[in-house]
Amino acid sequence: VQLVESGGGLVHPGGPLRLSCIASGFNLNTYAIGWFRQAPGKQREGVACISTNRQSPIYADSYKGLFTIVRDNLKNTVYLQKDTLNTDDTAVYFCAAVNLGTQMSEYCGLAMDDYHYWGQGTQVTVSS
């Protein structure tokens with residue numbers, strides 16, 4: 001089981017963000033996926049998660065209306081998007097997965113302990 005994040009890098013303030021979490025060696029269909037981020041000097045925190053039935057994405061209160069999580073099972077990929085970045089978005093972004101064994105679950109969580117598998121993270125630096 002391997003998760004690989006991509007799409008990070010240096011971004012100017014006001015620019016958009018689209019991160020990809022690609023699953024390798026397994027099918028994401030029965031896995032809930034979460035996106036987390038860790039800003040410099042801060043603890044890792046949950047940003048958003050999406051269940052296997054894709055009906056009810058959950059966003060941390062601080063990020064509601066700012067980030068969008070989308071899964072594309074045909075591409076075995078989950079995306080995290082934000083239209084307008086600011087310097088506070090500078091962080092390492094991680095995706096994580098947990099196998100729920102079904103494509104019909106509404107469950108996903110925003111705690112690190114909710115997940116079994118983690119990607120290595122992708123650095124996003126927002127700077128002019």
Side-chain angles (χ1 to χ4, degrees):
V1 174
Q2 185 177 14
L3 297 169
V4 179
E5 302 94 338
S6 64
L10 177 63
V11 185
H12 292 301
L17 177 72
R18 189 186 195 216
L19 301 177
S20 301
C21 173
I22 302 173
S24 176
F26 69 103
N27 194 316
L28 271 182
N29 288 0
T30 61
Y31 286 73
I33 303 296
W35 276 100
F36 293 76
R37 75 180 194 179
Q38 187 165 14
K42 295 186 178 180
Q43 292 186 337
R44 194 175 302 186
E45 60 175 350
V47 175
C49 67
I50 190 163
S51 57
T52 57
N53 70 1
R54 295 181 285 180
Q55 297 302 314
S56 302
I58 295 175
Y59 298 90
D61 288 343
S62 300
Y63 303 122
K64 287 179 180 177
L66 298 176
F67 286 90
T68 302
I69 186 170
V70 178
R71 69 188 300 154
D72 185 338
N73 286 346
L74 292 179
K75 294 183 178 180
N76 225 26
T77 302
V78 176
Y79 303 96
L80 183 69
Q81 302 170 165
K82 191 174 191 277
D83 290 336
T84 305
L85 290 170
N86 60 59
T87 55
D88 291 341
D89 294 314
T90 294
V92 180
Y93 287 75
F94 301 87
C95 65
V98 59
N99 191 0
L100 302 180
T102 173
Q103 296 184 47
M104 303 303 293
S105 176
E106 297 180 349
Y107 168 81
C108 71
L110 292 175
M112 292 181 60
D113 289 345
D114 291 331
Y115 297 92
H116 296 160
Y117 306 105
W118 289 83
Q120 81 290 348
T122 184
Q123 174 71 51
V124 174
T125 301
V126 184
S127 175
S128 56

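We're numbering straight along the sequence, starting at 1. In this text, all values refer to a predicted model and were calculated from it rather than measured experimentally.
- Under the 4.5 Å side-chain contact rule for hydrophobic residues, Tyr31 and Met112 do not share a cluster.
- Listed for the Arg44 side chain is no donor-acceptor partner under 3.5 Å among the backbone atoms of Val92.
- The hydrophobic cluster containing Leu85 does not contain Phe36, counting ILVMFWY residues as joined when their side-chain heavy atoms lie under 4.5 angstrom apart, directly or transitively.
- Tyr59 places a side-chain N or O within donor-acceptor distance of the main-chain N or O of Ile69, the cut-off being under 3.5 Å.
- Between the side chain of Ser105 and the backbone N or O of Thr52 there is no donor-acceptor pair closer than 3.5 Å.
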Walk me through it: do Thr77 and Asp72 pass the test side chain to side chain donor-acceptor pair (under 3.5 Å)? CA-CA 5 Å; Thr77 302; Asp72 185 338; over 6 Å; no

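- Expressed to the nearest 0.5 Å, how far CG of Asn53 lies from OG1 of Thr102 amounts to 8.5 Å.
- Using a distance-only test at 3.5 Å, with no hydrogens or angles considered, a donor-acceptor pair links the side chain of Glu5 to the main chain of Gln120.
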Trace of the side-chain contact (heavy atoms from CB on, under 4.5 Å) decision for Cys95 with Tyr79: CA-CA 9 Å; Cys95 65; Tyr79 303 96; over 6 Å; no

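- Distance CG/Leu10 to OG/Ser128: 9.5 Å, rounded to 0.5 Å.
- Expressed to the nearest 0.5 Å, how far CZ of Arg71 lies from CG of Asn76 amounts to 9.0 Å.
- Under the 4.5 Å side-chain heavy-atom criterion for Ile, Leu, Val, Met, Phe, Trp and Tyr, Tyr63 and Trp35 are members of the same hydrophobic cluster.
- Minimum interatomic distance between Ala60 and Gly46 (heavy atoms only, all atoms of both residues): CB-O, 3.4 Å.
- The main-chain N or O of Ala97 is never found under 3.5 Å from a side-chain atom of His116 such that the two would form a donor-acceptor pair.
- Phe94 and Trp118 have perpendicular rings, their planes meeting at more than 60° on a 0 to 90° scale where under 30° would count as parallel.
- Remark: of the listed residues Thr90, Thr122, Asp89, Asp89 is the sole one forming a side-chain contact (heavy atoms from CB on, under 4.5 Å) with Arg37.
- Closest heavy-atom contact between Ala48 and Leu80: CB-CD1, 4.3 Å.
- At a cut-off of 3.5 Å, with distance as the only test, a side-chain donor of Asp114 or Tyr107 sits close to an acceptor on the other residue.
- A single hydrophobic cluster is not seen to contain both Met104 and Ile33; linkage of ILVMFWY side chains at heavy-atom distances under 4.5 Å, directly or through other members, places them apart.
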Using distance only, find each side-chain donor-acceptor pair of residues 13-27 under 3.5 Å and give its atom names and separation, not counting sequence neighbours.
from  : atom 1 : to    : atom 2 : distance (Å)
Arg18 : NE     : Gln81 : OE1    : 3.2
Asn27 : OD1    : Asn29 : N      : 2.9
Asn27 : OD1    : Asn29 : ND2    : 3.3

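- Nearest heavy atom pair, residue Gln123 against residue Ala91, reads NE2-O, 3.5 Å.
- The cluster map of Ile, Leu, Val, Met, Phe, Trp and Tyr, joined by side-chain heavy atoms under 4.5 Å apart, puts Leu3 and Ile50 in the same cluster.
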